[in-house]
There are 2 protein chains.
Amino acid sequence: VSILVISRDPMPEKLIAQFRQQLPDQEFRVWPDVGNVEDIHYALAWRPPNGELAKLPKLKAILSFAAGIDHMTGDPALPKNVPIVRAVSDASKLTMSSFCAAQVLRFHHRLDLYAEFQKQGVWKQVLPRDMADTTVGVLGLGVLGLDLAQRLLALGFPVNGWAKSSKPIEGVKLFHGAQGFIDCLASSSVTVCLLPLTDETRGILDARAFASMPKESYVINVARGGHVVVPDLIAAIDSGHLAGATLDVFDFEPLPADSPLWKHPKITVTPHTAGRMSSVRVAQNMVDMLRQATSGASLQNVVDWSKGY
Amino acid sequence: VSILVISRDPMPEKLIAQFRQQLPDQEFRVWPDVGNVEDIHYALAWRPPNGELAKLPKLKAILSFAAGIDHMTGDPALPKNVPIVRAVSDASKLTMSSFCAAQVLRFHHRLDLYAEFQKQGVWKQVLPRDMADTTVGVLGLGVLGLDLAQRLLALGFPVNGWAKSSKPIEGVKLFHGAQGFIDCLASSSVTVCLLPLTDETRGILDARAFASMPKESYVINVARGGHVVVPDLIAAIDSGHLAGATLDVFDFEPLPADSPLWKHPKITVTPHTAGRMSSVRVAQNMVDMLRQATSGASLQNVVDWSKGY
């Protein structure tokens, strides 16, 4: 039994060394040195080159280095009969949820306005927002969205959620379907996008969506750049309708130097860091996923192709 | 039975009107129009003039407009045999805890550094902090500190607490006494001050305290300005020992224009806004406190003079 680490990007040697050290009984190969394809039962994949996973006839599972799998769904030959496990760990949930909470709280407590006052040397108290009025809408209630919803509730925010599943979540007001999407936006002061990127959700945050949000509301995108139609977002902010946005993800990363997002005074740009963990944590999580997969236990966070993620 | 609203500051008429509207069966008087002192059973106090409360022989309780009572302890004639009720409500806990959480998360996720990168147009990911390493030390575990500790735990932070009481709090590592104070600081990446201001705690965050904190740690003061020795704090930051601080409270408020705090690049100044609520909420809370007091129910959040707060 061998494990293939497969990526079109060079993988850090330290990472491979960590795999080998922690799982000394497994043989690790690194693409393109695949060796005999018959040996390979597991693939650890990050942006795998198109067609390469399909060449592995004995594959039992593909383990994605990321929670999203859009880094591999561009492969037309991606095997659909092999379970794909998304990288979600307690640590990745913590870092993603706390990043989103940081942005929600920054908006709620008007930290940018007070920073501006400080710069001007002005002591000025503005009417505080009432937490009961800062409803946060979470788009996507998968493992990450659910975790965020629960932590926001624990902080005292009212929470809306837009989800495919209709399983009730205590304390969360749920919305479903196309009309539910608009209703969720319309009743949220802050909208956080944690959706998977699929054909259905590409460009979902567009002019129509922004127009549905209440005046002075705020947008946080930590999912994928493809969810947001950036010119529509800028127009909605510049017209005064939206208060601003935090974008952690972009269509092209690194964000090109000539993007108008860099200099927009009401848009916070962060470099795809919301869910980022140290490489040690990432490796540890992949090791944990591999241990679980090779132990024969039932796989968790497996992609459901009927949903598309 | 009459209720006296007493303050050396002019009290907003809207506030008094709200009291009268919500408690139509009570007679409200506003200092200095005290009338017959024999009638007055309750005083709602904010910075009461020295000696005035002592003139009310039938006083059953003093209701403070603030959670802290240092605005009245300067009165040498403050009656010690009359219970003083501190203004603490679910809403004030929420706003205070969420403000502190906002500052902790801002530090944890290096939002200031990423804002600087954005200003420079630089896409750069820095090693994320691991939440398990961002232990937050809460100084003072009264109703506010306890609420904060619990919400920080719910966000995923390890929490230390320095308290007088030795009642265990699930998930919080407790420290007591003088040595415990130093130990608590030494094992916290972020220290949040929520102490009452008493003779014991005045100037408690001084050079020695800052030297006890780990390198690159962060200080948040939302209690009273008197807790922090500002020149010591600036020295500890400028030496590179501390990463920075957020100060919401100051010895003199508004913070004087010539304070070096305004322009310090690593100190965030906010205008005593951490626990602020809308005047409607403040009034509502005083009404609730009055209702409770006049109903004969046992009083909550009463000052304990053996502790000094």
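By convention in this document, chain letters (A, B, ...) are assigned in the order of the sequence lines, proteins followed by strands, and residues within each chain are numbered from 1.
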Worksheet item: Does any non-hydrogen side-chain atom of B:His109 lie less than 4.5 Å from one of A:Thr95?
Response: yes
Worksheet item: chain B: which of A:Thr268, A:Leu127, A:Leu261, A:Asp147 shares the most heavy-atom pairs with it under 4.5 Å?
Response: A:Thr268
Worksheet entry | Heavy-atom pair count under 4.5 Å with chain B, highest-scoring of A:Gln125, A:Glu253, A:Lys263 |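 Looking at each option in turn, the highest pair count goes to A:Gln125.
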Check residues 138-145 of chain A and write down every donor-acceptor pair under 3.5 Å in which the side-chain atom is one partner and the other belongs to a residue at least two apart or another chain.
none

Item to complete: For chain A, find which of B:Asp90, B:Leu155, B:Leu111 contributes the most heavy-atom pairs closer than 4.5 angstrom.
Response: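 Most heavy-atom pairs within the cutoff with chain A belong to B:Leu155.
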Worksheet entry | Best-contacting candidate, B:Ala102, B:Pro128, B:Ser259, against chain A by heavy atom pairs under 4.5 angstrom |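 If we count pairs closer than 4.5 Å to chain A, B:Pro128 comes out on top.
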Contacting region of [X] [heavy-atom separation from chain A under 4.5 Å]:
X        : answer
B:Val122 : backbone
B:Met131 : side chain
B:Ile267 : backbone
B:Val104 : neither
B:Phe250 : side chain

Fill in: Under 3.5 Å: donor-acceptor pair, side chain of A:Arg151, backbone of B:Ala154
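Indeed, once roles are kept as given, a pair shorter than 3.5 Å links the two residues.
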